[in-house]
Amino acid sequence: MGSGRRGGAALTAKSLGRVRPRSFYERPVLEVARDLLGAVVVHTVPGDGAVAVRLTEVEAYAGGHDPASHAFRGQTPRNAVMFGPAGHAYVYFTYGMHYCMNLVAGSDGHASAVLLRAGEVVAGVELARERRTGAVDRDLARGPARLTTALGIGREHDGLDVTSARSPLQVRRGSPFDDALVRWGPRVGVSTARDVPWRAWVNGEATVSPYRPHVPKKRRQG
DNA sequence: CGGCTGATTGCCT
DNA sequence: GGCAATCAGCCGA
């Protein structure tokens, strides 16, 4: 372990499809979210290898008018990438230990984005296992923070353009899922717009995250 | 299996 | 100072 390249032979651009162009992201965020199911996120680390994840679960955030969005209270240094052009990665740190990755969608300045919640590792499984020690294969990228860990994504990737064929972080066409397999549900922990289903996942996929609605943490007594 | 909770840092008010 | 777009581990049934 720790020496030599991994995942190179199994990872061909052809099998994963073309890199999605910026125009793919410059659409309403719900359309982008739906079409990201089946798409493949590829992160390559020179000398280490590449890991590719085929998305099975995503969540849409609609920018300044969305109470659950990081953009709701306006632009800050942390969320600045969301207010920029589509097709860039917005990576944030949360719970003092986890990273989550979004893809900026919509028109410039709208600050909408799609959270990548879960997927299946389709290349670089060995490297993903190293990054996710102890996890069974099905759980390697099953959950937003698990997904970034498996891919090796951190704060340094915030703002990266994922539409370039030369980028170490790309999103490729992959193999889209049929509409009949796509399910929509209400988002977690949002009081407004509860009737709008902004979480999309693929029915029957084992890699869809198992987590339930988040309940506010109770303050410790004494 | 489902439910609950501690971990641990940075961001926003 | 409160809490977060989470996760893993522990507990009881």
Side-chain angles (χ1 to χ4, degrees), chain A residues 25 29-30 32-34 36-37 41 53 55-83 86 88-106 110-121 128-159 162 183-201 206-222:
Chain A
Y25 302 94
V29 67
L30 290 178
V32 177
R34 185 259 169 273
L36 279 171
L37 295 174
V41 182
V53 172
L55 300 174
T56 57
E57 181 187 358
V58 297
E59 204 162 82
Y61 287 84
H65 299 294
D66 179 358
S69 171
H70 288 176
F72 184 59
R73 314 233 175 235
Q75 183 171 342
T76 68
R78 180 207 202 190
N79 65 21
V81 172
M82 291 183 91
F83 290 82
H88 288 252
Y90 164 51
V91 179
Y92 69 89
F93 182 67
T94 190
Y95 289 102
M97 63 191 88
H98 298 305
Y99 292 97
C100 292
M101 174 181 171
N102 298 250
L103 295 173
V104 180
H110 188 259
S112 61
V114 178
L115 171 69
L116 311 185
R117 290 198 59 93
E120 175 191 5
V121 175
R129 285 185 188 132
E130 285 183 26
R131 290 169 173 162
R132 294 265 304 122
T133 308
V136 298
D137 282 3
R138 164 207 221 199
D139 291 345
L140 287 176
R142 192 187 187 204
R146 292 166 166 184
L147 180 144
T148 57
T149 299
L151 283 169
I153 297 298
R155 164 159 291 175
E156 68 272 25
H157 301 99
D158 185 37
V162 301
R183 298 285 182 276
W184 293 88
R187 285 185 315 181
V188 174
V190 182
S191 53
T192 37
R194 203 183 290 244
D195 52 328
V196 183
W198 283 344
R199 180 173 178 245
W201 68 93
T207 53
V208 172
S209 83
Y211 295 105
R212 298 286 160 76
H214 177 257
V215 288
K217 184 184 285 188
K218 201 176 181 181
R219 193 153 53 90
R220 229 178 14 171
Q221 296 289 330

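Values in this document were obtained by computation on a predicted structure and should not be read as measured data. Lettering of chains follows the sequences in order, A, B, ..., and the numbering in each one begins at 1.
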Participant: Any N or O donor-acceptor pair linking the side chain of A:Y95 to the base of B:dA7 at under 3.5 Å?
Facilitator: no
Participant: Dot-bracket, 5' to 3', for DNA chain B please: Watson-Crick or G-U pairs under 3.5 Å, [ ] where pairs cross earlier ones, | where the partner sits on another strand, dots elsewhere.
Facilitator: |||||||.||||.
Participant: Can you label the angle between the A:Y99 ring and the A:F93 ring as parallel, tilted or perpendicular, going by 30° and 60°?
Facilitator: tilted
Participant: Nearest-Å distance, NE2 (A:H70) to P (C:dA4)?
Facilitator: 10 Å
Participant: What's touching nucleotides 11-13 of chain B from the protein side, N or O pairs under 3.5 Å?
Facilitator:
residue: B:dC11; atom: OP1; partner: A:R155; partner atom: NH2; Å: 3.4
residue: B:dC12; atom: OP1; partner: A:T76; partner atom: OG1; Å: 2.5

Participant: Considering non-hydrogen atoms only, spot the tightest contact between A:V81 and A:G159 and give its length.
Facilitator: CG2-CA, 3.7 Å
Participant: Do NZ/NE/NH1/NH2 and the carboxylate oxygens of A:R142 and A:E57 come within less than 4.0 Å?
Facilitator: no
Participant: Without decimals, in angstroms, what is the distance between A:D139 CG and C:dG9 P?
Facilitator: 11 Å
Participant: So, do A:Y92 and C:dA5 meet the stacking rule of ring centres under 5.5 Å and planes under 30°?
Facilitator: no
Participant: Would you check if the side chain of A:N79 reaches a backbone N or O of A:H70 as a donor-acceptor pair within less than 3.5 Å?
Facilitator: yes
Participant: Kindly indicate whether the side chain of A:L30, heavy atoms from C-beta on, has any atom under 4.5 Å from the side chain of A:W198.
Facilitator: yes
Participant: How about A:L103 and A:V32: do any of their side-chain heavy atoms sit closer than 4.5 Å?
Facilitator: no
Participant: Please tell me which of the listed nucleotides, C:dC7, B:dT8, C:dA5, lies nearest to the side chain of A:M97?
Facilitator: B:dT8
Participant: Please report the distance, rounded to the nearest Å, between CZ in A:R187 and P in C:dT6.
Facilitator: 12 Å
Participant: Between A:D137 and A:R129, does any side-chain N to carboxylate O distance fall below 4.0 Å?
Facilitator: yes
Participant: Could you tell me the separation between the NE2 atom of A:H98 and the C1' atom of B:dT8, rounded to a whole number of Å?
Facilitator: 9 Å
Participant: Quote, to the nearest angstrom, the P distance that separates B:dG3 from C:dA5.
Facilitator: 22 Å
Participant: Find the distance A:I153:CD1 to C:dT6:P and express it as a whole number of Å.
Facilitator: 18 Å
Participant: Identify the heavy atoms of A:V104 and A:M82 that sit nearest to each other, and give their distance.
Facilitator: CG1-O, 3.7 Å
Participant: Give the nucleotide from the list C:dT6, C:dA8, C:dA5 with an atom nearest to the side chain of A:R132.
Facilitator: C:dA8
Participant: Residues two or more places apart in sequence or in another chain: which of them pass side chain to side chain contact (heavy atoms under 4.5 Å, CB included) with A:A89?
Facilitator: A:V91, A:M101, A:V162, A:L169
